[in-house]
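Computed from a prediction, not measured in an experiment: that's the story for all the values here.
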Amino acid sequence: MSELRDEYDLLSVDVGERVERVATIAIERPDARNALNGQVRTELKDAVAAADADDDVRVLVLTGGEGSGAFVAGADVTEFRDRGLVEQRRASERPRVYETVDDATIPVIARINGHALGGGCELAQACDVRIAAAGAKLGQPEINLGLIPGGGGTQRLARLVGEGQAMRLILSGELVDAAEAKEIGLVDEVYDEDDLDDGVYDLAASMAEKSPIALEFAKKAVKAGSRMGLEEGLQYESELFVQLFATADKDEGIDAFLEGREPEFTGE
């Protein structure tokens, strides 16, 4: 039985209600289109860490609450107006919510059910896979406020879409629709609103049935590709591959393949 509970003021949490071993965390701040204020950031960091530590959770879906029209419309700009350099430096101390999501050992899928702007777009970028509703818009409009992205957008966005496209979006503040976001690589799949859950949870289910150790190691290896040189990345991949030969899940996976049955992974 999962120990992850829905005890948050601005989040809703479920575990296994849609798909076994899949947790969903939804930001529930519809009056502000799910903007990331201090409380949302604190609760989200706690909930993501709790899901990551929960043995009953193998995949996490992160989304915006229904009825808000947004995944996350951005940071709560009202908190910025009277904040000076020292206060913002303190607020920007790591790990922030973006690092908490990025560093999770389980796969994290962004279910982008509406606009993902500014900090919301950066939150989606910190996830492992991004699946968007056709009506969603994405972008980094911070430049319109005399600011730049501060939650990883100048770094993760360029790695996802290339330097030129990242420059275009960040320097213009232009928003793109979900179809264009998919075309440039900012999102991975786009579905009509009625089909969004099928797309998200079919993928989550296909991940959740895999060995949790293999999921963790595969995620680490792929992320290493953009953070190491090729030779270092290949060595890192090889070491992770070898380590899996010490697991019971490796034996179970191979035995199931040879016996023509579905594997039953335990994470051991």
task = Answer yes or no: are there more than 12 heavy-atom neighbours, outside Asp202 itself, under 6.0 Å from its atom CG?
result = yes
Is the closest side-chain donor-acceptor distance between Gln243 and Glu239 under 3.5 Å?
yes
- prompt: Stepwise, does the side-chain contact (heavy atoms from CB on, under 4.5 Å) test hold for Val72 with Leu117?
  reply: CA-CA 7 Å; Val72 173; Leu117 311 178; over 6 Å; no
With no hydrogens and no angle check, just 3.5 Å: does a side-chain donor-acceptor pair link Glu216 and Thr105? no
Exercise for the section: Give a yes or no on this: more than 12 heavy atoms of other residues, nucleotides or ligands lie within 6.0 Å of atom CD of Glu259. Expected result: yes
Take Arg111 and Leu62, measure what side-chain contact (heavy atoms from CB on, under 4.5 Å) needs, and give me the verdict at the end. CA-CA 6 Å; Arg111 176 185 175 273; Leu62 189 59; over 6 Å; no
Could you tell me whether the side chains of Asp46 and Tyr8 share a donor-acceptor contact shorter than 3.5 Å?
yes
Does NZ belonging to Lys182 count more than 12 external heavy atoms closer than 6.0 Å?
no
Would the number of heavy atoms belonging to other residues, nucleotides or ligands and lying under 6.0 Å from CD of Glu237 be above 12?
no
| task | Please check if any side-chain donor atom of Glu183 sits under 3.5 Å from a side-chain acceptor atom of Gln165, or the reverse. | result | no
Exercise. Just by distance, with hydrogens left out, do Glu43 and Gln39 show a side-chain donor and acceptor under 3.5 Å apart?
Worked result: yes
Check: Side chains of Val176 and Arg168: closer than 4.5 Å at any heavy-atom pair?
Finding: yes
